[in-house]
Participant: 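Just passing along the structure, written as structure tokens.
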Amino acid sequence: MSSRWTRVDALVATLRTRWDRGRYLRDYASGTGWQPITLPVKAPNANELLHDFDAVMQWAARFRRDSHTAGGRPRFAVETRTIQSRGVGANEVPARIRLDTFEQLYSLLGTKDDVLALDAIIGQTADKAPALLAWVEREPLAAISLRENWERLLDTVDWITARDTSQFYLRHIDVAGVDTKFVEHHQKVLGRLLTVTLPGERIDLSQSSFARRFGFRGKPDYTRLRLLTPFALVPPGITELRLRTDELSAIDFGVATVFVVENEVSYLAFPEVPDAIVIFGEGFHVSSLDAVAWLHGKEIVYWGDIDTHGFAILNRFRERFGSVRSILMDHATLLAHPDQRVTEPSPTSEPLPYLTEAERSIYDDLIEDRFGPAVRLEQERIRFSLLKQALRPWMTSAAPPGSGPRN
């Protein structure tokens, strides 16, 4: 049997592909008038009928059989054409198939359950959230895939829409059958639904987290710090605190200098310095320190890795706090540790306009691989004696805060 002759299962596959793209359900959901569907059939020609009669008869018998249900009812209409052959006379062969109703289509594809589910979804949406009907019409397959949870999704959207969520965490959502795990699992579709139902001023597209984007309170940022000098409000013997960053703004420790260190071990081992505290920076997390207003009145000293991302963090930090200076992020420190250098996994080369001339010089050298490919010197690999040496200016009161870079 020639593979050039159309089989019914190939026609069904074509219709299934169109169904899976949503075109038929979109028309159904939006109430677009039904247009009969026709698909062409590639049938044997007169020459093939004459020279391969048995194969043609097998193909025709199979096509007729597959065109009917097990009970003998036609699955679709078959339009024919006549071919003439001197040896076998006139014969009718299929030219195209035609589906005259939507019911014929979903019966042929076995997708009646999808249609019933879509009917139920449209009914629920019209009753609870009419504003989302247009979304269902555009995305019927997405809606059907959520059939078991659609009503709970609508109730969740309604709960959020009806409230000022600025004082709520996601945990406060109080809907039957809905918990934070449900919201987290469905946050993508909830985000699409809420974008339709909420006014623009309640959506912050600059936020990457679902909670903050739709006005909920997000998980707070925390800041770890060590007291390098005694602080009257903290009981003796307590040297380290972990506070919510926004609440840290209410506590001015009254110190002159704030050190920010990226590596945790270096942070824990940081020497005692008079009139100072040290903050564990945790990489680009330093951006959250914007919330600590009193930092703007302090001398801020940053110590990070000597690699491209270390300087990117310094640049971002200094953009927010113009007084930031760096220590141990220079050529001398890098050259003093030739055996401790490693490879930076994914260097950056972005412009860093807030670096000093000396910092930009070593940053450019790193980008251009002047010390080797993607060189990196992590701060925990720097000799501890060099840290103590770098901190000498802060061990006395001879240089007041803000008197200029000391490195």
Side-chain angles (χ1 to χ4, degrees), residues 6-42 63-80 94-158 160-161 175 177-178 182 185-198:
T6 303
R7 294 169 59 169
V8 170
D9 56 2
L11 297 170
V12 173
T14 296
L15 293 169
R16 167 66 68 180
T17 297
R18 295 181 183 179
W19 182 276
D20 290 343
R21 290 174 181 165
R23 60 180 288 185
Y24 298 126
L25 283 174
R26 279 193 292 272
D27 288 346
Y28 176 74
S30 63
T32 301
W34 171 259
Q35 296 294 324
I37 300 170
T38 60
L39 293 178
V41 175
K42 178 68 174 178
F63 195 95
R64 283 192 300 271
R65 184 184 72 243
D66 292 347
S67 299
H68 292 74
T69 65
R73 186 167 59 87
R75 302 170 73 190
F76 43 75
V78 179
E79 299 177 0
T80 63
R96 64 182 57 84
I97 69 165
R98 188 182 72 252
L99 293 98
D100 294 312
T101 66
F102 185 56
E103 182 181 4
Q104 268 188 317
L105 175 63
Y106 66 67
S107 296
L108 176 66
L109 298 178
T111 53
K112 183 177 181 179
D113 287 347
D114 286 354
V115 178
L116 294 176
L118 183 57
D119 285 339
I121 287 169
I122 290 173
Q124 292 169 347
T125 307
D127 180 49
K128 295 192 172 190
L132 291 175
L133 282 172
W135 185 89
V136 173
E137 292 172 5
R138 290 193 306 271
E139 305 285 349
L141 290 175
I144 288 171
S145 71
L146 298 161
R147 68 188 81 183
E148 294 185 4
N149 292 307
W150 186 252
E151 191 165 10
R152 285 187 287 173
L153 289 167
L154 292 180
D155 289 340
T156 303
V157 169
D158 180 65
I160 294 172
T161 303
V175 174
V178 173
F182 178 90
H185 182 72
H186 294 94
Q187 63 177 315
K188 185 174 182 179
V189 68
L190 280 171
R192 297 168 71 184
L193 300 179
L194 288 167
T195 299
V196 174
T197 58
L198 289 176

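Just so it is clear, the structure is predicted and the values come from calculations on it, not from any experiment.
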Participant: Can D155 and K128 be counted as an ion pair, charged N to O under 4.0 angstrom?
Facilitator: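 The answer is yes: the pair qualifies as a salt bridge.
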
Participant: Kindly compute the distance separating CG (L194) from CG (L198), expressed to the nearest 0.5 Å.
Facilitator: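 The CG atom of L198 is 5.0 Å from CG of L194, to the nearest 0.5 Å.
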
Participant: Kindly indicate whether the side chain of I160, heavy atoms from C-beta on, has any atom under 4.5 Å from the side chain of T197.
Facilitator: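 The answer is no; the side chains never approach within 4.5 Å.
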
Participant: Between T69 and R73, is there a donor-acceptor pair closer than 3.5 Å when you use the side chain of the first and the backbone of the second?
Facilitator: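 The answer is yes, because a donor-acceptor pair under 3.5 Å joins these two groups.
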
Participant: Can you find a heavy atom in the side chain of F76 that is under 4.5 Å from one in the side chain of R98?
Facilitator: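 They are not in side-chain contact.
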
Participant: So do Q124 and D127 actually touch side chain to side chain, heavy atoms under 4.5 Å?
Facilitator: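 No. Closest side-chain heavy atoms not under 4.5 Å.
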
Participant: So which heavy atom on D27 is nearest to which on S30, and how close?
Facilitator: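 Heavy-atom minimum between the residues: O-OG, 3.2 Å.
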
Participant: Between R192 and E139, is there a side-chain N and carboxylate O pair less than 4.0 Å apart?
Facilitator: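 Yes, R192 and E139 are salt-bridged.
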
Participant: On a heavy-atom basis, which atom in D66 and which in R75 lie closest, and how many Å separate them?
Facilitator: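 For D66 versus R75, the nearest heavy atoms are O-NH1, 2.7 Å.
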
Participant: With sequence neighbours excluded, give me every ring pair (Phe, Tyr, Trp, His ring centres under 6.0 Å) pair touching residues 106-149.
Facilitator: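 Every pair satisfying ring pair (Phe, Tyr, Trp, His ring centres under 6.0 Å) with a residue in residues 106-149: F102-Y106, W135-W150.
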
Participant: Looking at D100 and W34, what are the two nearest heavy atoms and their distance?
Facilitator: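 Closest heavy-atom pair between D100 and W34: O-NE1, 2.9 Å.
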
Participant: For R96, enumerate each residue passing the salt bridge (Lys or Arg N to Asp or Glu O under 4.0 Å) test, keeping only those at least two apart in sequence or located in another chain.
Facilitator: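 Once residues adjacent in sequence are excluded, the partners of R96 under the salt bridge (Lys or Arg N to Asp or Glu O under 4.0 Å) criterion are E79.
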
Participant: Please determine whether the number of non-hydrogen atoms from other residues, nucleotides or ligands lying under 6.0 Å from atom NE2 of H68 exceeds 12.
Facilitator: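 It does: H68 NE2 has more than 12 such atoms within range.
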
Participant: Name each donor-acceptor pair under 3.5 Å that joins a side chain in residues 113-122 to protein atoms two or more places apart or in another chain, with its distance.
Facilitator:
from	atom 1	to	atom 2	distance (Å)
D114	OD1	R147	NH2	3.0
D119	OD1	Y28	OH	2.7
D119	OD2	Y28	OH	3.2

Participant: Supply the atom-to-atom distance I97 CD1 to L11 CG, rounded to the nearest 0.5 angstrom.
Facilitator: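 It comes to 4.5 Å.
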
Participant: Can you name the closest pair of heavy atoms from G22 and P140 and give their distance?
Facilitator: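 Nearest pair, atom of G22 first, then P140: O-CG, 4.3 Å.
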
